[in-house]
Amino acid sequence: MPESPQQAPPAARRRKDGLVILHTGAGKGKTTAALGLALRAVGHGMRVCMVQFIKGKWQCGEHHAAPLLGELFEIHPMGDGFTWDTRDREADMRRVRAGWQLAMDKVAAGGCRMLILDELLYVLSYDYFPLQEVLDFIARKPADLHLVLTGRNPPQALIDAADLVTEMVAVKHPYQQGIKAQKGIEF
Ligand code: ATP
Ligand code: MG
């Protein structure tokens with residue numbers, strides 16, 4: 001059977017444990033796809049840490065579900081109170097810094113196999129955090145750590161550094177019909 005065009009030729013196939021993954025685009029599904037990866041990884045006994053940089057006003061289902069998965073999955077919402085207010089930009093930047101530091105501490109403690117930095121791409125696109133620091137981390141992160149970043153407008157340097165980039169396309173969204181956010185779908 002002919003190989004699919006997306007498959008690399010055998011000589012180029014190699015194993016890489018720690019991928020850099022971006023979920024981006026204007027369509028819904030970036031954060032929920034990251035949660036799907038977390039569920040899949042936890043099922044293999046892998047420890048997953050998710051830091052959420054911009055948390056919505058709702059208590060999301062994942063915050064209640066994470067403890068049900070035991071100690072393998074932790075979610076840290078850091079964005080509560082994120083203002084996006086130019087007058088309080090310094091406070092927002094400190095909040096982002098605290099989230100980043102928490103993530104770095106979790107990785108430094110060892111054993112983390114997947115780190116999800118949810119909405120970090122938004123934070124970068126508004127210059128609330130230095131891109132270079134993220135690129136430096138990618139260059140020196142543990143080889144077996146999968147790093148998943150979500151949000152819109154990833155800088156080209158991150159796309160270049162990533163192994164897997166998926167863009168969600170908004171074909172239709174219930175919001176366009178005036179349908180409100182729903183439990184289990186949006187939060
Ligand atoms: P989700 O968390 O549902 O996977 P997301 O991470 O792709 O969504 P965000 O930019 O983080 O998207 O925005 C989160 C919220 O905005 C979700 O409640 C989602 O339903 C809503 N949303 C995402 N894309 C759209 C869109 N194209 N139009 C309207 N609302 C959207
Ligand atoms: Mg999201």
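As the structure lists them, so they are numbered: ligands from 1, and atoms in each ligand from 1. Along the sequence shown, residues are numbered consecutively beginning with 1.
From the protein, the heavy atom lying nearest to atom 4 (O) of ligand 1 is Thr32 OG1, 2.8 Å. For atom 3 (O) of ligand 1, the closest non-hydrogen atom on the protein side is Lys28 NZ, 2.3 Å. Counting protein heavy atoms only, atom 2 (O) of ligand 1 is closest to Thr31 CB, 3.3 Å. The protein atom (non-hydrogen) at minimum distance from atom 12 (O) of ligand 1 is Lys30 NZ, 3.5 Å. Looking from atom 8 (O) of ligand 1 to the surrounding protein, the closest heavy atom is Gly29 N, 3.6 Å. Here the heavy atom of the protein found nearest to atom 18 (O) of ligand 1 is Glu186 CG, 2.8 Å.
The side-chain tip of Arg152 does not point at the ring of Tyr122 from less than 6.0 angstrom away and within 45° of straight on.
When side chains are defined from C-beta on, Leu158 does not count as touching Val20, because their heavy atoms never get closer than 4.5 Å. No side-chain heavy atom of Leu115 sits under 4.5 Å from any side-chain heavy atom of Lys106. Side-chain contact check for Arg47 versus Met114: every heavy-atom pair is 4.5 Å or farther apart. For the pair His146/Lys141, no side-chain contact is recorded, criterion being any heavy-atom separation below 4.5 Å from C-beta on. Counting heavy atoms from C-beta on, the side chains of Thr24 and Val165 come closer than 4.5 Å.
Annotation for ligand 1: atoms under 4.0 Å from non-hydrogen atoms of Ala170 are 27 (N). Atoms of ligand 1 lying under 4.0 Å from any heavy atom of Tyr122, numbered from 1 in the order shown and given with element: 9 (P), 10 (O). Residue Gly27 has at least one heavy-atom neighbour below 4.0 Å for each of these atoms of ligand 1: 7 (O), 24 (N). Contact atoms of ligand 1 toward Tyr175: 29 (C) (distance under 4.0 Å to a heavy atom of the residue).
At least one N/O-N/O distance between Ala26 and ligand 1 falls below 3.5 Å.
Around atom 28 (N) of ligand 1, the closest heavy atom drawn from Arg152, Gln176, His23, His173 belongs to His173.
Counting backbone and side-chain atoms alike, Glu119 contributes an N/O/S atom closer than 2.8 Å to the Mg ion (ligand 2). The Mg ion (ligand 2) does not have Thr150 among its coordinating residues (no N/O/S atom, backbone or side chain, under 2.8 Å).
By the 4.0 Å N-to-carboxylate-O rule, Glu186 lies too far from Lys180 to be salt-bridged with it. Look at Arg15 and Asp17 and you find a salt bridge, because one of the NZ, NE, NH1 or NH2 atoms lies within 4.0 Å of a carboxylate O, short of that distance.
In this structure, a donor-acceptor pair under 3.5 Å is absent between the side chains of His64 and Glu62. Side-chain contact of Glu167 with His23: a donor-acceptor pair under 3.5 Å is absent, judged by distance alone.
Protein non-hydrogen atoms do reach within 4.0 Å of atom 25 (C) of ligand 1. At a distance under 4.0 Å, no protein heavy atom can be found next to atom 15 (C) of ligand 1.
For Lys172, the NZ atom counts as loosely surrounded, since its 6.0 Å shell holds 12 or fewer non-hydrogen atoms of other residues, nucleotides or ligands.
At least one heavy atom of Glu119 sits less than 4.0 Å from an atom of ligand 1.
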